[in-house]
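Presented below is the structure to which this report refers.
Predicted model only: the values in this text are computed from it and were never measured.
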Amino acid sequence: MAAQSRMALLLYRSLGQRDGVEIRLHDTVLYNSIYRGDDQLLVNTHVYGRFAADAPVMHLRKVTGGDLASTYLDSFEAVWNRAVPVES
């Protein structure tokens, strides 16, 4: 897992140098990866025996009265608030 994290940081390095983009690290065990842009989310569900690139990705957006995106946004915020920024 450590090697995969290092590789992800290497691949996202140039993205993290752009204005308005922040990458943080956390030690929480998660069952999905959440990528957020405002109220839109890409949720990559983790599937046993598959690499993340082979697992389904859901594109969610927050809508009035909807719970699905809000549930993932709440999860994202809880982890994000405990995470620490990656040092450049």
Side-chain angles (χ1 to χ4, degrees):
M1 187 56 69
Q4 289 175 325
S5 296
R6 284 191 298 275
M7 180 58 76
L9 288 172
L10 180 64
L11 292 171
Y12 289 129
R13 181 178 14 195
S14 63
L15 181 62
Q17 296 169 350
R18 299 185 66 126
D19 289 339
V21 174
E22 185 176 351
I23 298 172
R24 293 188 183 188
L25 299 175
H26 64 85
D27 61 1
T28 306
V29 176
L30 299 174
Y31 300 100
N32 52 62
S33 298
I34 303 173
Y35 303 90
R36 178 182 181 187
D38 298 324
D39 285 340
Q40 299 216 26
L41 305 166
L42 294 176
V43 179
N44 179 226
T45 59
H46 296 181
V47 177
Y48 180 78
R50 301 276 183 137
F51 291 111
D54 296 329
V57 175
M58 297 182 290
H59 179 194
L60 305 176
R61 64 185 174 87
K62 190 173 182 180
V63 295
T64 303
D67 290 337
L68 187 57
S70 294
T71 298
Y72 282 105
L73 281 167
D74 291 347
S75 173
F76 181 94
E77 289 295 330
V79 174
W80 185 260
N81 290 332
R82 294 183 43 200
V84 294
V86 170
E87 298 294 326
S88 300

With sequence neighbours left out, which residue pairs that include part of residues 9-24 fulfil the salt bridge (Lys or Arg N to Asp or Glu O under 4.0 Å) condition? Glu22-Arg24
Does Phe76 have any ring pair (Phe, Tyr, Trp, His ring centres under 6.0 Å) partners at least two apart in sequence or in another chain, and if so, which? Trp80
So which pairs with a foot in residues 45-72 pass salt bridge (Lys or Arg N to Asp or Glu O under 4.0 Å), sequence neighbours left out? none
For the residue pair Tyr72 and Leu60, what are the closest heavy atoms and their distance? CD1-CD1, 3.6 Å
side-chain contact (heavy atoms from CB on, under 4.5 Å) partners of Ala78, counting only residues at least two apart: none
Just how far is it from atom CZ of Arg6 to atom CG of Leu10, taken to the nearest 0.5 Å? 11.0 Å
In chain order, what residues pass the side-chain hydrogen bond (donor to acceptor under 3.5 Å, both in side chains) check against Ser33, with sequence neighbours excluded? His46
So if you build clusters from Ile, Leu, Val, Met, Phe, Trp, Tyr with side-chain heavy-atom gaps below 4.5 Å, do Leu68 and Leu41 land together? yes
Output the distance between atom CG (Leu9) and atom CG (Leu11), rounded to the nearest 0.5 Å. 9.0 Å
Kindly work out whether a path of hydrophobic side-chain contacts (I/L/V/M/F/W/Y, heavy atoms less than 4.5 Å apart) joins Ile34 to Val79. no
Is there a path of hydrophobic side-chain contacts, each under 4.5 Å between heavy atoms of I, L, V, M, F, W or Y residues, that connects Leu15 with Tyr35? yes
With Arg82, which residues qualify under salt bridge (Lys or Arg N to Asp or Glu O under 4.0 Å), at least two apart? Asp27
State yes or no: do Val21 and Leu42 share one hydrophobic cluster built from I, L, V, M, F, W and Y residues joined by side-chain heavy-atom distances below 4.5 Å, directly or via other members? yes
Backbone N/O of Pro56 and side chain of Asn44: donor-acceptor pair under 3.5 Å: yes
Is it the case that one hydrophobic cluster holds both Val57 and Tyr12, taking links as side-chain heavy atoms less than 4.5 Å apart, direct or via other members? yes
